[in-house]
Enquirer: 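Okay, here's the structure, questions in a sec.
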Amino acid sequence: MKNIIDLQGVSLKINDQSILKHISFKVNSGDFLTITGPSGSGKSTVLKLIAGLISRTSGDIKFENQSIDGYDPIDYRRDVSYCFQTPVLFGETVKDNLEFPYVIRKKTFDEAHAIAELESVGLPSHYLSKSINELSGGEKQRVALIRNLIFLPKVLLLDEITSALDSESKKIIHTLINHLNDSNKITILAVTHDDNEIQMADQLINIENGQMMEVTHE
Amino acid sequence: MNNLAVNNLSLVFAFSLVVVSLGIVYKEKLGLEKDIIYSVIRAIIQLVIVGYILKYVFNINNIILTLVMMFIVFFNASYSAYKKSAGIPHSFQISFIAIFCSTSVTLGLLLLAGTLKFIPSQIIPITGMIASNSMVAIGLCYRNLNSNFRDQRQQILEKLALGADLKQASYPIIRESIKTGMSPTIDSAKTVGIVSLPGMMSGLIFAGVDPVFAIKYQIMVTFMLLSATSISSITVCYLSYKQFFNDKKQLR
């Protein structure tokens, strides 16, 4: 299996403070990797670096064997999609959010596809017109996740997306993630403390104080 | 001009109004005494200098000198707007372009329509009027851009993470900022005549012009300022939003 993500000695310093030190790991296409570690250890920062939302101080990050610096950031972020821990929904309705991926690609909104995505995370079709202010935390997280999946990325970066969710929402999201990884062969990198997500992983990385402590291959 | 009765002595008496302001500031312990005294002295010095310069420029009636005066107005207005940008990169250049565009388009249309003549006594005051209103609109745009890019940071990051380009990620902020820049002019257009008799109209009435004739000039000024603030707001917002991102299309 070919590498899809390859971090080579990635370090990050902010105001002379070392946030990440020489992080190196590879992820094969279609694999599921989880990153664990204590709060503030730099796990989310690794995902943001891979997503191209922030820049490293040294080292290199390769996507499909080419440095991410060589890609157009906009196209790259459509292939390597980052989901936030506490997402913010846009506009007024769920539709505004599911329409956004079409708007930015200048494509016509496919309502049937959006409804199918909603149903895949246990939300009925009438939720499309629902106000975002009427959604629970778990429902917001599910809408935010399918917003990233309207156009399937090659790599999905999940930043503790189930950490604040109830067990029902967690179960639904785990089922979807499993399906995306098994059936759609989407590569998943997840920062998590959740035992179920850790069990799903092909590879486990532990980061403490900005340093990689161990790599485990299942 | 018989109606005008401002002489040096009456100005000295009018200074008591500043004393009223100073009294309020002192009583309420607002700590603005130095600011008031500094701004009053500065206003007096600036206006005295400008009065003599304008007298000289109007008498000479030279195109180059008129253009130089316009450039000075552009420069000063751009510098004042730039100081409101709170560190937005290239904000002086952006302000200058916005003020130049708003003034050129607005003045150009008025000159083409024959409403104005290219003589210093008409061009310089009107340039000042347009530039100062543009400057206020630009300052409001900068403030709105800065606060919204700070408050909506997470939302912009999410849009970038979904693959939005910089304009798509910033569009609601750009629209909101343009509206903010234009709103004082729209609001004052709604109340003109019923709440305030604005500068130009008051000046003409003071000088003894028939109010019915004076309103025509005020209508022209209202149209002119709507155009100027909309052009300056849209120019400054569309040139500024990219400054909030780096060359890797990341939010700074």
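Just so it is clear: chains get the letters A, B, ... in the order the sequence lines come, proteins before strands, and each one is counted from 1. Everything numeric in this text was worked out from a predicted model, so none of it was measured.
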Enquirer: Between A/Phe84 and chain B, with a heavy-atom cut-off of 4.5 Å, which part of the residue counts as in contact: side chain, backbone, both or neither?
Expert: side chain

Enquirer: Got a sec: does the OH of B/Tyr171 have more than 12 other heavy atoms crowding it under 6.0 Å?
Expert: no

Enquirer: Tell me whether B/Phe223 at atom CZ has more than 12 heavy atoms from other residues, nucleotides or ligands lying less than 6.0 Å away.
Expert: no

Enquirer: Quick check: are there more than 12 heavy atoms from other residues, nucleotides or ligands sitting under 6.0 Å from CZ of A/Phe109?
Expert: yes

Enquirer: If the contact rule is any heavy atom under 4.5 Å from chain A, which residues of residues 149-163 of chain B qualify, in numerical order?
Expert: B/Gln154, B/Gln155, B/Leu157, B/Glu158, B/Lys159, B/Leu160, B/Ala161, B/Leu162, B/Gly163

Enquirer: In terms of heavy-atom proximity below 4.5 Å to chain B, should A/Asp79 be classed as side chain, backbone, both, or neither?
Expert: neither

Enquirer: State whether the number of non-hydrogen atoms from other residues, nucleotides or ligands found under 6.0 Å of B/Lys179 atom NZ is greater than 12.
Expert: no

Enquirer: Select all residues of residues 245-252 of chain B having any heavy atom within less than 4.5 Å of some heavy atom of chain A, and report them by number, or 'none'.
Expert: B/Lys248, B/Lys249, B/Gln250

Enquirer: Are more than 12 heavy atoms, taken from residues, nucleotides or ligands other than A/Phe90, located less than 6.0 Å from that residue's CZ atom?
Expert: yes

Enquirer: Any chance CD of A/Gln66 has more than 12 other-residue heavy atoms, nucleotides or ligands included, within less than 6.0 Å?
Expert: yes

Enquirer: Tell me, side chain or backbone of A/Leu157 under 4.5 Å from chain B's heavy atoms, or both, or neither?
Expert: neither

Enquirer: When heavy-atom pairs shorter than 4.5 Å are enumerated against chain B, which of A/Ala51, A/Ala144, A/Cys83, A/Pro87 gives the highest number?
Expert: A/Pro87

Enquirer: Can you list the residues that meet the side chain to side chain contact (heavy atoms under 4.5 Å, CB included) rule with B/Ser202, with sequence neighbours excluded?
Expert: B/Leu197

Enquirer: Could you check whether atom CD of A/Glu92 has more than 12 heavy atoms from other residues, nucleotides or ligands sitting under 6.0 Å from it?
Expert: no

Enquirer: So for A/Pro73, is it side chain, backbone, both, or neither that comes closer than 4.5 Å to the heavy atoms of chain B?
Expert: side chain

Enquirer: Using a heavy-atom distance cut-off of less than 4.5 Å, which residues of residues 74-95 of chain B contact chain A?
Expert: none

Enquirer: Less than 4.5 Å apart, side chain to side chain, heavy atoms only: is that true for B/Gln168 and A/Arg105?
Expert: no

Enquirer: Should we say atom CZ of B/Phe96 is surrounded by more than 12 heavy atoms from elsewhere, each under 6.0 Å from it?
Expert: yes

Enquirer: Between A/Asp72 and chain B, with a heavy-atom cut-off of 4.5 Å, which part of the residue counts as in contact: side chain, backbone, both or neither?
Expert: side chain

